[in-house]
**Student:** 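Quick one: the structure is below, questions incoming.
Since this is a predicted model, take the numbers as computed values, not measurements.
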Amino acid sequence: MDSDSISLLPPGEKAIHIPSKEEEDPSNSTTALLSFNTDSSSSEPSKGTTQIILFISLILTTCVALSAAGAFAFLFFSSASSSPSNSPSFDPSTSQSSYEVARPLKTLKRPVVLLISSDGFRFGYQFKTDTPNIDRLIGNGTEAERGLIPVFPTLTFPNHYSIVTGLYPAYHGIINNYFLDPGTGDFFTMRSHEPKWWLGEPLWETVTNHGFKAATYFWPGSEVIKGSWNCPANFCMRYDDSVPFEDRVDTVLSYFDLPSDEIPVFMTLYFEDPDHQGHKVGPDDPEITEAIARIDKMIGRLIDGLEKRGVFEDVNIIMLGDHGMVGTCDKKLIFLDDLAPWIEIPKEWVQSYSPLLAIRPPYGKSPKDVVTKMNEGLQSGKVVNGNRLKVYLKEDLPSRLHYSDSDRIPPVIGLIEEGFKVEQRKTKSQECGGAHGYDNAIFSMRTIFVAHGPQFSRGRKVPSFENVQIYNVVTKILNIQGAPNNGTASFPESVLLPRH
């Protein structure tokens, strides 16, 4: 296991490797450019003269080289001082610890993290319309320059729970928005709040374990009473999508009106937009632009309220999404019934169709045979769009997906190409809209990460990273010990400012 990784809660899982720069080998051998005969027994005058001439030439050459180097250094550093953006120390993608540290709190007594989710906020949406308030957070904070990478499957419940536990779905148990527990036969839905489904330790539980207060204004899993978290009244809102966004913001702001010792140190705030519109019209419709403008307006309302209370610069705001969005249309369909010449896939076997195909064959039916026959048909050229779907035994999925180590995950998983859908049979419906859930390596599945506050550098860009790293970032800000997770213990150092 990587020495800078937190060990995982479930046994047998390997630590996630975060690529780091390899140290270059400084031991480069050198050879002499000139050699001198130092044999004092030589009596040939011409040879001694030659040595003297060579020695003087070497001294002159060295002087010229040093002068040239000095002139070059002067020009280089003069240019750097007049153009800070050309200096390596101003490279926003590098660590800024050499000249910037976390800013001291002015009003609050201890660090506070406000975690905001804008569901389905695909990376790039922020460029669709004017977003002055989000832009303000970006300009004065830290941004994942090419977006935040969701976990697979890129669905709402698996990703929201990965964000707050630091675990991949196979380890926190929420492997889909809907799924069957093969051991009990129970069915999970997005209204299932029994603790048995929700594994791992979410941030609100971690915070209360350390004697601090947490507040959740909607978040998948937050209504589950588990461990030290009892979903306290007035600090744990039961999900209701009819609650106006303004009310949600105002409630969060009201927490900052409490006495200092009673202000929750960790808060969540959730908006359904723009996911709601994205499913209906796809990612490129004017409705998406309107939804983004609305979210930006809510961020402005939040900033104004924090500023009026004198705490805006003290609060660590992390704004992100759970996944992206891609357009879909019925001409991009794959029908399972078309595989009948090779194998029949009854609908009773299928636990989810799109964008994640999940099949649990009945007892006595070999999953390996199912995979072999399905792929034979899909690759035959005789199934419409068959080449857009590849079926795997779950243990043969690419390891980067981390989607095998759970009995809840069906044994047969199909990966569908971007924008395509799987259905059981042909219908006459002609729908176009949007979807997510695809391979998290697909760029359209990326979302945003923007962080603003005393522990984040101003105007900094960082490389993309997976959302399982967020958990350790939050616990680092709050200076508390987190639970075992799939994140890397050293990762927060790459996005947070060092403390004094």
**Student:** Under a 3.5 Å distance rule, please check whether Tyr438 uses its side chain to pair with a backbone N or O of Phe420 as donor and acceptor.
**Tutor:**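 Here the side-chain-to-backbone pair exists.
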**Student:** Could you give the distance from CG (Asn440) to CG (Asn467), rounded to the nearest 0.5 Å?
**Tutor:**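 Answer for the CG-CG pair, Asn440 versus Asn467, is 9.0 Å.
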**Student:** Hey, what's the ring geometry for Tyr178 with Phe187, parallel, tilted or perpendicular (30° and 60° as the breaks)?
**Tutor:**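 Geometry flag for Phe187 against Tyr178: parallel rings.
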**Student:** From Ile138 CD1 over to Gln126 CD, what is the distance, rounded to the nearest 0.5 angstrom?
**Tutor:**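 Here the interatomic distance stands at 5.5 Å.
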**Student:** Under 30°, 30 to 60°, or over 60°: which ring-plane class applies to Phe491 and Phe465, parallel, tilted or perpendicular?
**Tutor:**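 Geometry flag for Phe465 against Phe491: tilted rings.
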**Student:** If you measure from NE2 on His276 to CG on Asp119, what distance do you get to the nearest 0.5 Å?
**Tutor:**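 So the NE2 of His276 and the CG of Asp119 are separated by 11.5 Å.
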**Student:** Scan side-chain atoms only and decide if Glu223 and Tyr239 contain a donor-acceptor pair under the 3.5 Å cut-off.
**Tutor:**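 No donor-acceptor contact under 3.5 Å links the two side chains.
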**Student:** What verdict does the side chain to side chain donor-acceptor pair (under 3.5 Å) test give for Asn387 and Gln379, after you've listed the backbone C-alpha separation in whole Å, the side-chain angles of each residue and the deciding distance to 0.1 Å?
**Tutor:** CA-CA 6 Å; Asn387 61 336; Gln379 297 165 13; over 6 Å; no
**Student:** Is there a donor-acceptor pair closer than 3.5 Å between any side-chain N or O of Ser464 and the backbone N or O of Gly147?
**Tutor:**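 Yes, Ser464 side chain to Gly147 backbone: donor-acceptor pair under 3.5 Å.
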**Student:** Using 0.5 Å steps for rounding, measure from the CG atom of Leu320 to the CD1 atom of Ile163.
**Tutor:**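 Answer for the CG-CD1 pair, Leu320 versus Ile163, is 5.0 Å.
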**Student:** Which of parallel (below 30°), tilted (30 to 60°) and perpendicular (above 60°) describes Phe123 and Phe127?
**Tutor:**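 Aromatic pair Phe123/Phe127 classed perpendicular.
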**Student:** Determine, for Arg458 against Glu313, whether the closest basic-nitrogen to carboxylate-oxygen distance falls under 4.0 angstrom.
**Tutor:**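 Counted as a salt bridge, because a side-chain N and a carboxylate O are separated by less than 4.0 Å.
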**Student:** Mark yes or no for whether Ser222, through its side chain, and Phe218, through its backbone, hold a donor-acceptor pair below 3.5 Å.
**Tutor:**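 No: the side chain of Ser222 does not pair with the backbone of Phe218.
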**Student:** To the nearest 0.5 Å, tell me how far Thr206 OG1 sits from Tyr471 OH.
**Tutor:**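 Going from the OG1 atom of Thr206 to the OH atom of Tyr471 covers 2.5 Å.
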**Student:** Using the ring of each side chain (for Trp, its six-membered ring), is Trp204 parallel, tilted or perpendicular to Trp229, with breaks at 30° and 60°?
**Tutor:**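 Rings of Trp204 and Trp229: tilted, as their planes differ by 30° to 60°.
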**Student:** Using ring-ring contact (aromatic ring centres under 6.0 Å, His included) as the criterion, point out the one residue from His436, His160, His279 that pairs with His323.
**Tutor:**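 Filter result, single survivor: His436.
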**Student:** Mark yes when over 12 heavy atoms from residues, nucleotides or ligands other than Glu395 sit less than 6.0 Å from its CD; otherwise mark no.
**Tutor:**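 Yes - once you tally the heavy atoms of other residues, nucleotides and ligands closer than 6.0 Å, there are more than 12.
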**Student:** Apply the test salt bridge (Lys or Arg N to Asp or Glu O under 4.0 Å) to residues Arg460 and Glu145: give CA-CA distance (whole Å), side-chain angles for both, the deciding distance (0.1 Å), then the verdict.
**Tutor:** CA-CA 9 Å; Arg460 185 182 178 199; Glu145 190 170 20; over 6 Å; no
**Student:** Could I get the full list of ring-ring contact (aromatic ring centres under 6.0 Å, His included) partners for His193, not counting sequence neighbours?
**Tutor:**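 ring-ring contact (aromatic ring centres under 6.0 Å, His included) check on His193 returns nothing, list empty.
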**Student:** Could you go step by step and tell me if Tyr255 and Phe235 meet the ring-ring contact (aromatic ring centres under 6.0 Å, His included) rule?
**Tutor:** CA-CA 9 Å; Tyr255 295 141; Phe235 291 94; 5.3 Å; yes
**Student:** Is Glu466 salt-bridged to Arg446, cutoff N-O under 4.0 Å?
**Tutor:**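 No, Glu466 and Arg446 are not salt-bridged.
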